[in-house]
Amino acid sequence: MSAFPCSDDVLPESVALLPLPEVADRLGLVVTRVHQMLRDHQLLAVRRDGVVSVPERFFDHEGVVRFLPGLITVMKDAKYTDEEILEWIFTEDDSLPGTPVDALHGPLAREVIRRAAADPF
């Protein structure tokens with residue numbers, strides 16, 4: 001089994017992160033299943049202070065935010081790196097308003113996917 005992908009930490013320090021064991025607990029999974037989710041691009045992780053973690057905003061009360069895996073897939077298909085995807089997801093956009101990751105939690109989730117498919121940068 002190959003190692004799971006982990007990006008450079010391109011996120012603002014204000015972005016709360018969950019270490020992989022906490023992600024596993026939150027999702028009710030074993031940590032190796034979280035590793036597989038990273039390999040399958042259902043989630044993205046960064047290494048901050050030596051700890052591999054996932055942004056807390058990638059989750060809601062039900063688990064992984066519904067449209068996040070699709071957004072990652074659309075952007076990976078367009079050849080964006082994990083770092084570029086993370087930067088875009090957490091960059092303020094006054095037209096949403098807020099960040100794309102914030103919009104994924106509400107009625108603008110499909111608009112975020114549309115914008116990512118159209119050319120996010």
Side-chain angles (χ1 to χ4, degrees):
M1 190 67 51
S2 64
F4 55 87
C6 177
S7 300
D8 293 333
D9 187 4
V10 295
L11 301 173
E13 285 294 319
S14 62
V15 173
L17 300 174
L18 298 173
L20 297 188
E22 287 184 40
V23 171
D25 286 345
R26 181 174 277 205
L27 298 175
L29 303 171
V30 295
V31 75
T32 54
R33 177 65 184 116
V34 176
H35 296 171
Q36 187 62 45
M37 292 174 78
L38 292 167
R39 282 191 291 274
D40 292 343
H41 305 292
Q42 295 174 337
L43 289 172
L44 298 173
V46 298
R47 185 179 307 275
R48 182 179 286 171
D49 299 326
V51 178
V52 177
S53 303
V54 175
E56 188 173 23
R57 291 294 290 154
F58 285 177
F59 305 96
D60 60 17
H61 65 283
E62 296 178 10
V64 176
V65 174
R66 180 177 172 201
F67 292 100
L68 179 67
L71 174 62
I72 294 170
T73 298
V74 164
M75 294 186 78
K76 292 293 278 182
D77 287 351
K79 306 294 186 227
Y80 288 97
T81 67
D82 290 353
E83 289 84 1
E84 289 170 330
I85 295 169
L86 287 164
E87 287 174 346
W88 186 77
I89 288 174
F90 284 94
T91 298
E92 288 287 328
D93 184 336
D94 292 337
S95 67
L96 284 174
T99 63
V101 75
D102 293 334
L104 288 176
H105 288 267
L108 294 174
R110 292 183 194 278
E111 174 63 13
V112 171
I113 302 283
R114 186 198 67 71
R115 288 180 187 196
D119 188 15
F121 292 106

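Just so you know, these numbers come straight off a predicted model, no measurement behind them.
No side-chain donor-acceptor contact under 3.5 Å links R57 and T99. Side-chain contact annotation: Q36 with R33, donor-acceptor N/O pair under 3.5 Å absent.
Under the salt bridge (charged side-chain N to carboxylate O under 4.0 Å, His left out) criterion, R114 pairs with E111, not counting sequence neighbours.
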For this session: Assess whether side chain to side chain contact (heavy atoms under 4.5 Å, CB included) is satisfied between L86 and V46, documenting all intermediate values.
Result: CA-CA 9 Å; L86 287 164; V46 298; 3.5 Å; yes

For this session: Could you give me the CA-CA distance, side-chain angles and deciding distance for C6 and R47, then say whether side chain to side chain contact (heavy atoms under 4.5 Å, CB included) is met?
Result: CA-CA 6 Å; C6 177; R47 185 179 307 275; 3.6 Å; yes

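Under the side chain to side chain contact (heavy atoms under 4.5 Å, CB included) rule, L71 has a single partner from I85, V101, V65, I89, which is I89.
Going from atom CG of L96 over to atom OG1 of T91 covers 11.0 Å, rounded to the nearest 0.5 Å. Between L44 atom CG and L68 atom CG the span is 7.0 Å, to the nearest 0.5 Å. We find the OG1-CD distance between T81 and E83 to be 4.5 Å, quoted to the nearest 0.5 Å. Rounded to the nearest 0.5 Å, atoms NE2 (H41) and CD1 (I72) are 9.0 Å apart. Between the CH2 atom in W88 and the CZ atom in R115 there is a gap of 7.5 Å [rounded to 0.5 Å]. Rounded to the nearest 0.5 Å, atoms CZ (F67) and NE2 (H105) are 12.5 Å apart.
For the pair A116 and M75, the tightest heavy-atom approach, listed with the atom from each and the gap, is CB-CG, 3.8 Å. The minimum heavy-atom distance linking G70 with I113 is given by the pair C-CD1, 4.0 Å.
Residues in residues 61-78 take part in these salt bridge (Lys or Arg N to Asp or Glu O under 4.0 Å) pairs, two or more places apart or across chains: K76-D82.
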Could you tabulate the donor-acceptor pairs under 3.5 Å formed by side-chain atoms of residues 10-32, not counting sequence neighbours?
none

